[in-house]
A.B. asks: 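The following block contains the structure, expressed as structure tokens.
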Amino acid sequence: MNLTDQQPKIGTHLRLHTTLLQILEEADQLRLPVFQFFLSKSDRKKTTYISPTAEEKELLRAITARHRAIPFVHASYWINAASWREEAFNVSKALL
């Protein structure tokens, strides 16, 4: 699909509560043409990263085909690959 040939699309950011499956089910139920989500969940003490399961990957393919949806994965706000601090640089590199 060539996005430059399409009309502008408006979507929404879906919040990660516990699993990617919940996000995908919500996007499917709302029939969203465009949606965005993080693959991490942060609280004040730690950040949890998720890896999509085979079931979630298959559901993502099905939803994008069924609704001609365009999903975007949003990178973590903690990425700072230009940091002069080695620890921050290494964390940023791992997040990318």
Side-chain angles (χ1 to χ4, degrees):
M1 178 185 326
N2 185 346
L3 291 178
T4 59
D5 297 335
Q6 303 290 320
Q7 291 291 323
K9 295 183 185 273
I10 296 175
T12 188
H13 187 281
L14 298 174
R15 184 170 181 217
L16 175 65
H17 294 284
T18 55
T19 67
L20 179 57
L21 188 59
Q22 289 176 320
I23 289 173
L24 298 175
E25 288 171 343
E26 184 177 7
D28 192 29
Q29 180 183 21
L30 296 172
R31 298 180 180 161
L32 295 172
V34 177
F35 60 97
Q36 168 181 297
F37 55 93
F38 287 104
L39 283 179
S40 64
K41 181 173 63 169
S42 297
D43 61 26
R44 294 174 192 243
K45 297 183 181 184
K46 70 174 189 169
T47 300
T48 304
Y49 298 94
I50 62 169
S51 294
T53 65
E55 177 187 15
E56 291 167 333
K57 291 176 186 178
E58 184 54 39
L59 182 57
L60 178 60
R61 283 191 278 282
I63 290 169
T64 56
R66 183 168 38 250
H67 303 301
R68 302 190 72 200
I70 303 168
F72 290 92
V73 177
H74 195 294
S76 169
Y77 286 118
W78 299 109
I79 296 173
N80 181 4
S83 178
W84 56 272
R85 292 182 9 245
E86 186 174 352
E87 180 185 5
F89 173 77
N90 289 335
V91 168
S92 297
K93 190 166 84 172
L95 290 172
L96 285 172

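All figures in this text were calculated on a predicted structure; none of them were measured in a lab. Numbering starts at 1 and runs along the sequence shown.
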A.B. asks: Can you tell if the side chain of F38 reaches within under 4.5 Å of the side chain of V73, non-hydrogen atoms only?
C.D. replies: no
A.B. asks: Closest approach of A81 and F89, non-hydrogen atoms and distance?
C.D. replies: O-CD1, 3.2 Å
A.B. asks: My understanding is that only residues two or more places apart in sequence, or in another chain, count here; which of them pass side-chain hydrogen bond (donor to acceptor under 3.5 Å, both in side chains) with R66?
C.D. replies: D28
A.B. asks: Roughly how far, to the nearest 0.5 Å, is CG of L59 from CG of L20?
C.D. replies: 8.0 Å
A.B. asks: Which heavy atom in L32 sits nearest to a heavy atom in A69, and how many Å separate them?
C.D. replies: O-CB, 3.3 Å
A.B. asks: For the CZ atom on R85, are there more than 12 heavy atoms of other groups (residues, nucleotides or ligands in this structure) within a distance under 6.0 Å?
C.D. replies: no
A.B. asks: Specify the closest pair of heavy atoms between N80 and S92, including all atoms of both residues, with the distance to one decimal.
C.D. replies: N-OG, 2.7 Å
A.B. asks: State the CD-CD1 distance between Q29 and I63, to the nearest 0.5 angstrom.
C.D. replies: 11.0 Å
A.B. asks: Between NE2 of H13 and CZ of F37, what distance do you get to the nearest 0.5 Å?
C.D. replies: 9.0 Å
A.B. asks: To the closest 0.5 Å, what do you measure between CG (L14) and CD (E25)?
C.D. replies: 12.0 Å
A.B. asks: List the atom of E56, the atom of L24, and the distance in Å for their closest heavy-atom pair.
C.D. replies: O-CD1, 3.3 Å
A.B. asks: Is there a side-chain contact between L60 and P71 in this structure, where contact means two heavy atoms from C-beta onward sitting under 4.5 Å apart?
C.D. replies: yes
